Amino acid sequence: AAADKLKEYYGQMGYINARVETVRKPDLTTGAIDVRFIIEEGQRHTVRAVEIQGNTKTRSTAIARELALGPGEVFDLARTRVSEARLRNTQFFQEVRVAPVPTPVPGQSDLRVTVKEGPTGQVSFGAGFSTVEGLVGFVEYSEANFDFSNPEGWYRGDGQKFRVRLSVGSLTNSFEHSFEEPALWERDLAVGYSIERRFAGFASADYAVLTEGVNLYARRRVFGNVEGRVGYNLRRVSVDNVSSTAPAEVVAEGSAGGRVISSVSASLIYDTRDEFNFPTRGSRISLTEELAGNGFGGDLKYLRSELRTGRWFLVSPTAEQTIGVVGRVGVVPVQADEGSGLAVGDDPTVIDEDRTVAQSLQHVEFVAHEDDGTTGPGERSHRVEALVLESVVAHREHFVDQHDLGVEMGRDRERESGGHAAGIPLHRGVDGVRDLREVDDPVQSSGDLPLRHPEDGAAEEHVLPS
């Protein structure tokens, strides 16, 4: 082990052919063993050229931008392993190998990258029935290796992220689309956007909720394992299809024309996980500050602070099982704008941790009684306020404290067919992290139908890789 560490140390300085011999000499008088290391450094190497093989779909430029070293640099074997881990974590390839190749030029070696392409796209469709939302069906297409400028290659190959999802039901419907360019002008700068429109009706309600929003963001690696991200979110939530039997508060909200939330956010993310989907070691820490109103417009002012952290451990190498400890804590001081009419009621209501005022209406399922799903007028008016803002602000100022802690266990069933990446972090964290296990990937589909009521019928879902 010590000899391997020494060889690794010299490999980081370009001595890729260094040899370490261990000589052990026992001392019979003391019973100790003297250990001597004989090191032959060899010649120091630099990278002459980069050679990429096996990519039939992915552009060579998309592969090259994941490499941690290039021509003219010292041939650092540690950075070679970093490059291999980054390519594995793109999830574009079934197999990846990055290794030095000798050349006729003394002191220079080529960096050979050999990959085997894998499926990167997915078509999903399904249908189901809910006692709350009625009949629901959806179709979704996502491509993690998209290329809008390559129609001949079925718009694949440049590492862009593309996702579109359409859901239609008897009471609800939605449209979602997101796109990310991972290397703007071939620089270490990712930019992206997402748009959505959700119309949510409920069988037991006197109203429906319409949510429309757009999100713009940019992210880049700041240094080492730290990534920075800034974003802007604009969202409009309104009450629609108000029935004549609805309470006066609901009718007034429907006549208000909707509420607008405008916010900017900044995040720092520290990520040392060895893999994104099934990490066996490492940690992830993210700190996010979000400011709404206060010069950015909208009907609500708040400052949201959130800290998320997680750490993963390999429990059983034989069974390839891992355990992760994840948690988060956040605070949201909320203040409604003058004249917005958002401060209603007498009792403060805590904002749900997954439904802060800046987040959109996802899969809303409000049922007062599981036996018949009926609600009273007071409950209906209370819920419409919660749906409009994802929270009820009972006073002019309300300070909300959130925290939670969890433990998760997982197993990578596909590791049997190939090795996993080395313990090297990656900078490709993406948008939309729903929990600490998931990659911040705007094109990653949750694949869940919004049917979780105890009386829901069976939901059928089909997934076709491409």
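Heads up: numbering here begins at 1 and tracks the sequence. Since the model is a prediction, treat every value here as computed from it, not as a measurement.
- Heavy-atom minimum distance, Gly228 versus Val222: N-CG2, 3.5 Å.
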Start with the C-alpha distance between Thr80 and Leu69, add both sets of side-chain angles, then the distance that settles side chain to side chain contact (heavy atoms under 4.5 Å, CB included), and finish with yes or no. CA-CA 7 Å; Thr80 300; Leu69 71 165; 4.2 Å; yes

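- Atom OG of Ser267 sits about 7.5 Å away from atom CG of Leu287, to the nearest 0.5 Å.
- Of all the heavy atoms in Arg198 and Ser174, the pair that sits closest is CG-CB, 3.9 Å.
- A distance of 7.5 Å separates OH in Tyr155 from CZ in Phe146, rounded to the nearest 0.5 Å.
- Under a 4.0 Å N-O distance rule, the pair Arg65/Asp158 qualifies as a salt bridge.
- Between Arg86 and Glu84, none of the side-chain N atoms (NZ, or NE/NH1/NH2) sits under 4.0 Å from a carboxylate O, so this pair counts as no salt bridge.
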Could you go through the side chain to side chain contact (heavy atoms under 4.5 Å, CB included) check for Asn145 and Asp147 one step at a time? CA-CA 7 Å; Asn145 193 10; Asp147 185 357; over 6 Å; no

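- In this structure, the side chains of Val136 and Phe138 stay at 4.5 Å or more apart for every pair of heavy atoms.
- Residues forming a side chain to side chain contact (heavy atoms under 4.5 Å, CB included) with Thr56 (at least two apart in sequence, or on another chain): Glu117.
- Side chain of Asp271 to backbone of Ile269: no donor-acceptor contact under 3.5 angstrom is found.
- Although no hydrogens or angles enter the test, the distance criterion places no donor-acceptor pair under 3.5 Å between the side chain of Glu66 and the main chain of Ile63.
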Taking it one step at a time, do Leu87 and Leu67 satisfy side chain to side chain contact (heavy atoms under 4.5 Å, CB included)? CA-CA 8 Å; Leu87 288 170; Leu67 302 179; 4.1 Å; yes

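- In this structure, CG on Asn233 lies 8.0 Å from CD1 on Ile261, to the nearest 0.5 angstrom.
- Rounded to the nearest 0.5 Å, atoms CG (Leu189) and CD (Glu181) are 9.5 Å apart.
- Closest non-hydrogen pair, Asn55 versus Thr58, comes out as ND2-O, 2.9 Å.
- With a 4.5 Å cut-off on side-chain heavy atoms, Gln53 and Thr114 count as touching.
- Of the charged side-chain nitrogens involved, none lies within less than 4.0 Å of a carboxylate oxygen, so that Arg235 and Glu212 do not count as a salt-bridged pair.
- Salt-bridge formation is not detected for the pair Glu227/Arg229: no Lys NZ or Arg NE/NH1/NH2 atom is positioned less than 4.0 Å from an Asp or Glu carboxylate oxygen.
- Contact of the Phe199 side chain with the Asn241 side chain is registered, since non-hydrogen atoms from C-beta on lie closer than 4.5 Å.
- Contact of the Gln160 side chain with the Glu180 side chain is not registered, since no non-hydrogen atoms from C-beta on lie closer than 4.5 Å.
- Salt-bridge check for Arg221 with Asp188: passed, with a basic side-chain N closer than 4.0 Å to an acidic carboxylate O.
- For the pair Arg165 and Phe175, the cation-pi criterion (under 6.0 Å, within 45° of the ring axis) is not fulfilled.
- Between the side chain of Asn173 and the backbone N or O of Gly169, no donor-acceptor pair lies under 3.5 Å.
- A distance-only check finds a donor-acceptor pair linking the side chain of Ser170 to the backbone of Leu135 [under 3.5 Å].
- A donor-acceptor pair is defined here as one N or O able to donate and one able to accept, closer than 3.5 Å; such a pair exists between the side chain of Lys161 and the backbone of Ala144.
- Side chain of Asp240 to backbone of Leu210: no donor-acceptor contact under 3.5 angstrom is found.
- For Glu95 and Arg97, the salt-bridge test fails: no basic side-chain N is under 4.0 Å from an acidic carboxylate O.
- A donor-acceptor contact shorter than 3.5 Å links the side chain of Ser83 to the backbone of Ala68.
- Between Pro182 and Gly159, the closest heavy-atom pair is CG-O, 3.2 Å.
- We find that Arg328 and Glu306 are joined by a salt bridge, their nearest charged nitrogen and carboxylate oxygen being less than 4.0 Å apart.
- Ring pair Phe162/Tyr141 is tilted by interplanar angle, where 30° to 60° counts as tilted.
- Contact of the Thr120 side chain with the Lys57 side chain is registered, since non-hydrogen atoms from C-beta on lie closer than 4.5 Å.
- Residues passing the side chain to side chain contact (heavy atoms under 4.5 Å, CB included) test with Ser262 are Tyr232, Leu234, Phe296, sequence neighbours excluded.
- One finds the CG atom of Leu303 at 11.0 Å from the OG atom of Ser263 (value rounded to the nearest 0.5 Å).
- Of the inter-residue distances, the one linking Arg311 atom CZ with Arg284 atom CZ reads 15.0 Å to the nearest 0.5 angstrom.
- Under a 3.5 Å cut-off, the side chain of Asp274 and the backbone N or O of Thr280 do form a donor-acceptor pair.
- Results of the side-chain hydrogen bond (donor to acceptor under 3.5 Å, both in side chains) test with Arg163 over Glu140, Gln122, Glu143 single out Glu140 as the only residue that passes.
- Across all non-hydrogen atoms, the minimal contact from Tyr217 to Phe179 is OH-O, 4.3 Å.
- Residues Thr322 and Val315 fail the side-chain proximity criterion, which asks for heavy atoms closer than 4.5 Å.
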Derivation and outcome, side chain to side chain contact (heavy atoms under 4.5 Å, CB included), residues Ser265 and Val230: CA-CA 6 Å; Ser265 62; Val230 294; over 6 Å; no

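- At least one side-chain heavy atom of Asn150 sits less than 4.5 Å from a side-chain heavy atom of Arg59.
- In this structure, Asp76 has no salt bridge (Lys or Arg N to Asp or Glu O under 4.0 Å) partners at least two apart in sequence or on a different chain.
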Please test Ser178 against Ser194 for side chain to side chain donor-acceptor pair (under 3.5 Å), starting from the C-alpha separation and ending with a verdict. CA-CA 4 Å; Ser178 59; Ser194 63; over 6 Å; no

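- By the 4.5 Å heavy-atom criterion applied to side chains, Glu51 and Val113 are not counted as neighbours.
- Across all non-hydrogen atoms, the minimal contact from Lys301 to Gly293 is CG-CA, 4.1 Å.
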